[in-house]
Participant: 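The structure under discussion is supplied below as structure tokens; questions concerning it will follow.
Chain identifiers are assigned alphabetically (A, B, ...) following the order of the sequence lines, protein sequences preceding nucleic acid strands; residue numbering begins at 1 within each chain.
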Amino acid sequence: MADAYPKTPMLDELEKGKWPSFVTEIKMAAADNPMGKDLLGLLERSYREKIGHWKHGGIVGVMGYGGGVIGRYNDLPDEYPNISHFHTMRINQPAGWFYTTEALRKICDIWEKHGSGLTNMHGSTGDIILLGTTTDELEPTFDELQKINFDIGGSGSDVRTPSCCCGQARCEWACYDTMGACYDFTMAYQDELHRPAFPYKFKFKFSGCPNDCVASIARSDMSIIGMWRDDIQMDKDAIKEYADGGMDIKADVVDNCPAKCMDWNGKELTIENSYCRHCMHCINVMPKALAPGKDRGATILLGAKAPIVEGALLSSVIIPFIKMEPPYQEIKDLTERIWDVWCEEGKNRERVGEFIQRVGLGNFLEAIEVEPIPEMVAHPRENPYVFYEEYFEEDDGSED
Amino acid sequence: MAKTVEEITEMMYKMISEAQGIKKLKPMDLTKAMKQLLGDEFDKKTCKLAIKNLIDTGRCVYTYFGGSFIELPHKEGAAND
């Protein structure tokens with residue numbers, strides 16, 4: 001199997017159509033690397049049998065690190081010896097995924113020398129994913145990557161590699177420097193990133209505005225989403241241009257406002273900013289006319305996760321507005337209080353969101369020394385978590 | 001008198017050795033055990049350094065089996081040669 005080029009009728013179907021195909025990419029890699037041939041053979045076999053032949057996790061890693069390498073072995077090593085080991089390495093991506101072509105070439109050269117040459121740019125964590133190498137090649141790969149200033153990312157029960165949108169580098173809506181904050185947190189929590197010490201994974205994601213281009217509200221335990229707290233900036237001449245250009249401002253903007261806080265009288269747009277839910281819809285539709293306010297910072301939300309172990313959760317508001325200024329000490333202090341409570345009381349494989357649901361947000365807030373406030377919403381205008389003790393006392397009295 | 005990093009390292013190593021093959025211990029299990037054993041002498045930072053010591057010297061390794069654990073180095077059952 002190792003030497004012959006395998007027949008892959010089922011995989012070949014995935015090369016049809018106009019989209020890029022990972023099968024084509026593996027075939028290209030297979031021309032130079034026997035790992036590619038065995039990978040095609042095993043994948044075709046899995047498709048045919050409807051059985052996965054990979055085992056993941058385990059012991060492999062690089063010296064001193066507890067994350068960033070995901071051990072993979074196949075259960076048919078005699079038939080597919082070149083991918084008997086096929087470990088994945090997660091490499092911490094630069095903030096905002098900006099690279100020089102020189103840096104990318106160096107990464108690819110290292111990986112062609114030490115691994116399969118196959119990459120995933122990027123994984124859902126945000127990392128550069130290097131797919132497939134043997135145990136013996138892990139340390140040499142790591143050494144060479146360090147020489148070009150790349151480090152391994154997170155995996156297991158640690159801080160996962162923080163990721164962010166491109167923020168102020170390319171986007172006018174960014175309410176804070178997402179790339180700066182992401183880099184700062186990555187460096188501040190190197191120990192937590194490389195040495196798993198938590199009940200389960202913990203993810204930071206930094207979005208510059210409520211458009212949330214890195215989907216932090218759905219994918220990160222702590223979502224730090226750009227926010228403004230003053231009025232939406234408005235250019236009346238530009239609004240008129242949109243209207244004169246044929247835009248139906250009432251139908252396309254006003255009627256789609258979830259808070260119904262806008263009005264268009266045919267000539268003038270008015271916004272009742274105190275009702276605005278910061279959904280970004282109006283700003284996205286009329287980017288030349290509207291912009292986030294000038295008093296900018298971030299909203300911090302907590303508890304999102306994908307449906308592993310238990311169901312998916314969206315994060316909910318814990319700090320409605322905070323100024324985002326280095327060194328972000330207030331957020332770091334909050335984070336560390338959250339970790340202390342979660343590490344002390346959390347169960348194995350329990351994410352922060354699940355932990356909050358188990359103990360109740362009221363108890364959790366008390367433990368992390370944050371006062372409950374009405375803005376701690378699960379959804380706009382919905383606040384199912386915060387209870388006030390005096391209400392309970394009144395209830396207790398009336399029942400007696 | 002508070003325990004040194006080296007003393008805590010040895011206490012943790014003993015725990016891990018005794019649990020090997022019976023129960024997988026997470027770093028937090030070790031820290032909590034030290035808290036219970038040491039009472040007022042407990043210091044979280046020292047425990048963190050002790051764990052770092054165990055890993056950096058190669059006496060123990062991190063493993064992942066649905067979550068991250070600290071174990072003595074051993075050959076993994078599913079590992080291919």
Participant: Under 4.5 Å heavy-atom distance to chain B, tell me which part of A/D75 shows up: side chain, backbone, both or neither.
Facilitator: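 Neither part.
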Participant: Strictly less than 4.5 Å between heavy atoms, which residues of residues 15-30 of chain B line up against chain A? Please order them by number.
Facilitator: B/K26, B/P27, B/M28
Participant: Counting only heavy atoms not in B/K75, do more than 12 fall under 6.0 Å of its NZ?
Facilitator: yes
Participant: Given that the side chain runs from C-beta out, which part of B/K48 has a heavy atom under 4.5 Å from chain A: side chain, backbone, both or neither?
Facilitator: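 For B/K48, the side chain is the part near chain A, not the backbone.
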Participant: Counting heavy-atom pairs under 4.5 Å to chain B, which of A/G156, A/P199, A/P196 comes out on top?
Facilitator: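 When all of A/G156, A/P199, A/P196 are compared, A/P196 has the most.
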Participant: Is it the case that more than 12 heavy atoms not belonging to A/E139 sit under 6.0 Å from its CD atom?
Facilitator: yes
Participant: Okay, side chain of A/R349, backbone of B/G67: is any donor-acceptor separation there less than 3.5 Å?
Facilitator: no
Participant: Are B/K44 and A/E344 close enough for a salt bridge, meaning some N to O gap below 4.0 Å?
Facilitator: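 No.
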Participant: Return the set of residues passing side-chain contact (heavy atoms from CB on, under 4.5 Å) with A/T186 (not counting sequence neighbours), or none when no residue passes.
Facilitator: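 With neighbours one apart ignored, the set is A/N92, A/P162, A/C182, A/Q190, A/L193.
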Participant: Counting neighbours of CD on A/Q329 that are heavy atoms of other residues, nucleotides or ligands and sit closer than 6.0 Å, is the number greater than 12?
Facilitator: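 It does: A/Q329 CD has more than 12 such atoms within range.
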Participant: In terms of heavy-atom pairs under 4.5 Å with chain A, which of B/E71, B/K35, B/H74 leads?
Facilitator: B/H74
Participant: Could you tell me whether the side chain of A/S157 and the main chain of B/S68 form a donor-acceptor pair under 3.5 Å?
Facilitator: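 The answer is yes, because a donor-acceptor pair under 3.5 Å joins these two groups.
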Participant: What distance separates A/R195 CZ from B/I70 CD1, expressed to the nearest 0.5 Å?
Facilitator: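 Rounded to the nearest 0.5 Å, the CZ-CD1 separation comes out at 9.5 Å.
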Participant: Between A/G71, A/G67, A/G58, A/S155, which shows the greatest number of heavy-atom pairs under 4.5 Å with chain B?
Facilitator: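 Among the listed options, the one with the most contacts to chain B is A/G58.
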Participant: Top residue by heavy-atom pair count (under 4.5 Å) with chain B, among A/N74, A/T135, A/T134, A/D158?
Facilitator: A/N74
Participant: Which members of residues 55-65 of chain B, sorted by number, sit under 4.5 angstrom from chain A on a heavy-atom basis?
Facilitator: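 So the qualifying residues are B/I55, B/D56, B/T57, B/G58, B/V61, B/Y62, B/T63, B/Y64, B/F65.
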Participant: For chain A, which residues of residues 3-11 of chain B have at least one non-hydrogen atom nearer than 4.5 Å to it?
Facilitator: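 Counting heavy atoms that sit under 4.5 Å from chain A, no residue of residues 3-11 of chain B is involved.
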Participant: Look only at the side chain of B/N80 and the backbone of A/S84, and say whether a donor-acceptor pair between them is shorter than 3.5 Å.
Facilitator: yes
